[in-house]
Amino acid sequence: MSIGMTREVGVNSIPIWQGTGKDIQLAQGGFSLAATGLTAGAVIPAGTGFVFDEATRVATLWGGAVLYADATDVATTYQVKKGHTFVVGKYLASVVGGKAYAITAIDTTTSTLYDILTVGTTLGVALTAGANFFSSTATGASAAALPAINGLLYDDTLANTGESVSLVIRGTVYARRIPFTYSTALAALTGMKNIIFSQSK
């Protein structure tokens with residue numbers, strides 16, 4: 001019998017959800033992670049937005065990134081904190097209704113603190129470190145749009161093919177602790193109508 005090592009995710013030290021038990025409702029049955037393009041074994045943090053399909057039982061991650069250093073309004077490279085969920089080909093955007101363009105390259109080796117995302121066309125807006133990026137469903141000068149996110153990840157999960165994910169469809173979340181994606185546009189999505197975004201710290 002062979003002996004192998006497996007990686008497990010520990011408990012997040014900073015709570016994402018308020019309340020327990022009946023205060024939180026998960027989508028019934030669990031879903032299989034669509035891991036194409038994700039780094040195997042990477043940690044997907046609790047609170048990340050997902051689009052899940054109840055017929056196929058597949059959940060697709062729609063995460064993003066946090067800007068590591070200020071970027072000018074003509075930049076075509078953006079330094080983002082490690083742990084982002086972008087892959088080459090995804091449409092990088094910072095504002096719903098703004099510019100969104102495909103990522104052409106991702107440099108993960110230059111720094112241990114950040115990765116560098118390259119796009120063919122600038123997003124055309126000056127950004128301050130700490131700003132959020134999201135993965136747009138469309139590309140163009142005013143096409144940036146969020147997908148129909150309908151669940152938030154309940155707990156930290158590994159990005160492995162077929163990994164089971166639990167998605168919250170009703171509950172109260174600390175908005176400031178959601179990775180990458182919190183915005184008033186996210187809160188306004190139909191799929192988020194039963195999520196309360198608490199502004200408590």
Side-chain angles (χ1 to χ4, degrees), residues 9 12 14-38 42-66 83-87 89-100 102-103 131-140 142-200:
V9 179
N12 194 325
I14 302 177
I16 294 293
W17 301 100
Q18 294 182 15
T20 57
K22 64 182 181 180
D23 297 325
I24 298 172
Q25 181 180 350
L26 302 180
Q28 288 281 330
F31 296 84
S32 178
L33 174 67
T36 302
L38 300 178
V43 176
I44 305 170
T48 297
F50 273 79
V51 176
F52 66 86
D53 187 315
E54 292 187 290
T56 64
R57 311 307 300 177
V58 172
T60 303
L61 179 154
W62 287 90
V66 176
H84 66 87
T85 57
F86 277 111
V87 296
K90 290 287 187 180
Y91 302 134
L92 183 70
S94 62
V95 180
V96 171
K99 299 178 187 293
I103 297 170
N132 286 336
F133 289 115
F134 66 92
S135 182
S136 173
T137 57
T139 181
S142 58
L146 288 167
I149 294 170
N150 55 356
L152 300 179
L153 189 62
Y154 177 65
D155 50 14
D156 291 354
T157 301
L158 295 178
N160 295 324
T161 300
E163 191 82 25
S164 179
V165 295
S166 296
L167 301 171
V168 178
I169 57 174
R170 182 188 298 273
T172 302
V173 66
Y174 288 98
R176 302 176 194 221
R177 300 178 187 178
I178 294 178
F180 322 130
T181 55
Y182 176 71
S183 66
T184 54
L186 171 67
L189 291 175
T190 300
M192 296 286 96
K193 65 182 179 181
N194 293 318
I195 301 290
I196 297 172
F197 293 88
S198 170
Q199 297 301 317
S200 297

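Both backbone and side-chain heavy atoms feed into the values below; hydrogens, waters and symmetry mates do not.
Scanning both residues, Tyr91 and Ala100, for their nearest heavy atoms gives CB-CB, 4.4 Å. The two atoms that bring Val58 and Ala34 nearest to each other are CG1-CB, 3.8 Å, heavy atoms only. Residues Ala59 and Val165 come closest through the heavy atom pair CB-CG2, 3.7 Å. Contact detail for Ala144 and Lys99: the closest heavy-atom pair is CB-O, 3.9 Å. For Ser136 against Ala93, the heavy-atom pair with the smallest separation is CB-CB, 4.0 Å. Considering all non-hydrogen atoms of both residues, Met192 and Leu186 come closest at CG-O, 3.4 Å.
Every side chain to side chain contact (heavy atoms under 4.5 Å, CB included) that Thr161 has, sequence neighbours left out, goes to Ala35. Applying the ring pair (Phe, Tyr, Trp, His ring centres under 6.0 Å) rule to Phe197 yields the partners Tyr182; only residues at least two apart in sequence or on another chain are considered. Looking at residues two or more places apart in sequence or on another chain, you find a side chain to side chain contact (heavy atoms under 4.5 Å, CB included) between Ile169 and Gln25, Ala27, Phe52. For Thr184, the side chain to side chain donor-acceptor pair (under 3.5 Å) test picks out no residue, with sequence neighbours left out. Ala143 pairs by the side chain to side chain contact (heavy atoms under 4.5 Å, CB included) definition with Ala138, not counting sequence neighbours. Applying the side chain to side chain donor-acceptor pair (under 3.5 Å) test to Thr172 and every residue at least two apart in sequence or in another chain returns nothing. Residues satisfying the side chain to side chain contact (heavy atoms under 4.5 Å, CB included) criterion with Asp53, sequence neighbours excluded, are Ala55, Thr56.
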If you apply the rule side chain to side chain contact (heavy atoms under 4.5 Å, CB included), what do you find for Val87 with Ile103, and how did you get there? CA-CA 7 Å; Val87 296; Ile103 297 170; over 6 Å; no
For side chain to side chain contact (heavy atoms under 4.5 Å, CB included), just list the numbers for Leu167 and Leu153, CA-CA rounded to whole Å, side-chain angles, deciding distance to a tenth of an Å, and then say yes or no. CA-CA 5 Å; Leu167 301 171; Leu153 189 62; 4.2 Å; yes
Could you go step by step and tell me if Leu152 and Thr48 meet the side chain to side chain contact (heavy atoms under 4.5 Å, CB included) rule? CA-CA 5 Å; Leu152 300 179; Thr48 297; over 6 Å; no
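If you take CG on Asn150 and CG on Asn194, they are separated by 11.5 Å, rounding to the nearest 0.5 Å. Separation of atoms OG (Ser198) and CZ (Arg176) is listed at 8.5 Å; rounding is to 0.5 Å. One distance of note links CG of Leu33 with CG of Asn160; it measures 8.0 Å at 0.5 Å rounding. Taking CZ of Phe134 as the start and CD1 of Ile149 as the end, the distance is 9.0 Å to the nearest 0.5 Å.
Counting only heavy atoms from C-beta outward, the side chains of Val168 and Val173 never approach each other to under 4.5 Å. The side-chain heavy atoms of Trp62 and Leu146, taken from C-beta on, include no pair separated by under 4.5 Å. Using a 4.5 Å heavy-atom cutoff, the side chains of Val43 and Leu158 are in contact. Residues Phe133 and Phe86 form a side-chain contact, since some pair of their non-hydrogen atoms from C-beta on lies under 4.5 Å apart. With a 4.5 Å cut-off on side-chain heavy atoms, Trp17 and Tyr154 count as touching.
In this structure, the side chain of Ser32 does not engage the main chain of Ser164 through any donor-acceptor pair within 3.5 Å. Between the side chain of Asp156 and the backbone N or O of Pro45 there is no donor-acceptor pair closer than 3.5 Å. Under a 3.5 Å cut-off, the side chain of Ser142 and the backbone N or O of Gly140 do not form any donor-acceptor pair.
Annotation for Gln28: atom CD does not count as buried by contact number, only 12 or fewer foreign heavy atoms lying within 6.0 Å. Counting heavy-atom neighbours within 6.0 Å of Glu54 CD, excluding the residue itself, gives a total of 12 or less.
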